[in-house]
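Keep in mind that what you see is a predicted model, and the values were worked out from it rather than measured. Indexing begins at 1, ligand by ligand and atom by atom, following the structure's order. Basis for what follows: all heavy atoms, side chains included, without hydrogens, waters or symmetry-related copies.
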Amino acid sequence: MKTTNLVLLGPPGAGKGTQAEKLTAEFAIPHISTGDIFRAAIKDQTPLGKKAQKYLDGGELVPDEIVIGIVAERLRQQDTEGGFLLDGFPRTVPQADALTDFLTAEGRRLTAVINIAVPPEVLVKRLSGRRICRQCGAVYHVERKKEKQAGVCDQCGGPLYQREDDREEIVRNRLEVYFRQTEPLIRYYQEAGLLLEVNGDQDIAGVYQEIITALRGTG
Ligand code: ADP
Ligand code: ADP
Ligand code: ZN
């Protein structure tokens, strides 16, 4: 069977989580969101959650060694053998190098890195209207992707909430962190011959179609 090992790259609010929900269903691969992993750990107040909390609260990146360890452990689980989708990882050059080394050592490799490009002013609007399911992490938007019953997740019935770090001051810092630390990965993956660029400034279905079309040329 063909394995599909994907990375979704893009600034906060680009639509990574939204497209990840569709792609992981289409390819029947696990959705590995480092943000979701940290938020679950914080909710449960695990040792990881206690370490990560201050970084998420301030919109800073969790230190590389912590994130790399978490992702390596997740990629060792059997359900990733037929493929996986990484959402929000890597976010720094050291994380990207660690991922390459880890996969190479196991005889695996990435199929493609999808960069979802969206202009900054659109990102701010998306993040301020974002709502998340507390239980399953499904993503909604107050105008652009409304739930059927107010405040209740369509998928699991869980309660929707607004992320603390989607407040305006924190959003500004997260965008700065993105441009400084994560944007260089676009070039990194371009040079590795893995990058697929999609226009994220169109409706959700349009972005998805562009991703599926771009993926046809890969393998
Ligand atoms: P968004 O998609 O809106 O940028 P995420 O849910 O991916 O948000 O990430 C939320 C927060 O989790 C980040 O601001 C950061 O603190 C932490 N985080 C997630 N992924 C990483 C990563 N790969 N490296 C460092 N920190 C991360
Ligand atoms: P990311 O994971 O990259 O931070 P999300 O998938 O959480 O981004 O999307 C951010 C917000 O924008 C959510 O409220 C989501 O419903 C909304 N959104 C996602 N894609 C689109 C799109 N193509 N058009 C309009 N709104 C979108
Ligand atoms: Zn839910």
* To do: Can you sort out the partners of Tyr55 under side-chain contact (heavy atoms from CB on, under 4.5 Å), two or more places apart, ordered by chain and number?
  => Glu60, Val62, Pro63

* Heavy-atom closest contact (Val171 atom, Val124 atom, distance) -> CG1-CG2, 4.5 Å

* For the side chain of Glu210 and the backbone of Asn199, is there at least one donor-acceptor N/O pair under 3.5 Å apart? -> yes

* Structure fact -> At under 4.0 Å between heavy atoms, what of His141 touches ligand 2? The answer is both

* What pairs with Asp79 under side-chain hydrogen bond (donor to acceptor under 3.5 Å, both in side chains), at least two apart in sequence or on another chain? -> Arg74

Measure from every N or O atom of ligand 1 to the protein's N or O atoms and keep only the pairs below 3.5 Å, writing each with atom names and distance to 0.1 Å.
| unit_1 | atom_1 | unit_2 | atom_2 | d |
| --- | --- | --- | --- | --- |
| ligand 1 | 2 (O) | Lys16 | NZ | 3.3 |
| ligand 1 | 3 (O) | Arg130 | NH2 | 2.9 |
| ligand 1 | 3 (O) | Arg174 | NH2 | 2.5 |
| ligand 1 | 4 (O) | Arg91 | NH2 | 2.6 |
| ligand 1 | 6 (O) | Arg39 | NH1 | 2.8 |
| ligand 1 | 6 (O) | Arg39 | NH2 | 2.9 |
| ligand 1 | 6 (O) | Arg163 | NH1 | 3.3 |
| ligand 1 | 7 (O) | Arg91 | NH1 | 3.1 |
| ligand 1 | 7 (O) | Arg91 | NH2 | 3.2 |
| ligand 1 | 8 (O) | Arg163 | NH2 | 3.2 |
| ligand 1 | 16 (O) | Glu60 | O | 2.6 |
| ligand 1 | 20 (N) | Thr34 | OG1 | 2.7 |
| ligand 1 | 20 (N) | Gly88 | O | 3.3 |
| ligand 1 | 20 (N) | Arg91 | NH1 | 3.1 |
| ligand 1 | 23 (N) | Gly88 | O | 2.9 |
| ligand 1 | 23 (N) | Gln95 | OE1 | 3.0 |
| ligand 1 | 24 (N) | Gln95 | NE2 | 3.0 |
| ligand 1 | 26 (N) | Val62 | N | 3.0 |

* **Gly158 versus Cys133, closest heavy-atom pair with distance** => CA-SG, 4.0 Å

* Asked: Of all heavy-atom pairs between Lys146 and Tyr140, which one has the smallest distance, and what is that distance?
  -> C-CD2, 4.2 Å

* Asked: Do any protein N, O or S atoms sit under 2.8 Å from the Zn ion (ligand 3), and which ones are they?
  -> Cys133 SG, Cys136 SG, Cys153 SG, Cys156 SG

* Asked: Which is it for Asp166 and Arg174 under the salt bridge (Lys or Arg N to Asp or Glu O under 4.0 Å) test, yes or no, and what are the steps along the way?
  -> CA-CA 9 Å; Asp166 279 345; Arg174 284 165 57 212; 2.9 Å; yes

* To do: Heavy atoms only: give me the nearest Leu23-Leu8 pair and the separation to one decimal.
  => CD1-CD2, 4.2 Å

* To do: Could you tell me which non-hydrogen atom of Ala52 sits nearest to which non-hydrogen atom of Phe38, and how far apart they are?
  => CB-CD2, 3.8 Å

* Region of Gln19 engaging ligand 2 - heavy atom pairs below 4.0 Å -> neither

* Does any N or O atom in Tyr140 lie less than 3.5 angstrom from one in ligand 2, N or O only? -> yes

* To do: Spell out, as yes or no, whether a donor-acceptor pair under 3.5 Å connects the side chain of Thr34 to the backbone of Gly88.
  => yes

* Might you work through the salt bridge (Lys or Arg N to Asp or Glu O under 4.0 Å) test for Lys22 and Glu26, ending with a clear yes or no? => CA-CA 6 Å; Lys22 295 159 99 57; Glu26 171 69 28; over 6 Å; no

* **Those atoms of ligand 2 less than 4.0 Å from some heavy atom in Gln202** => 22 (C), 23 (N), 24 (N)

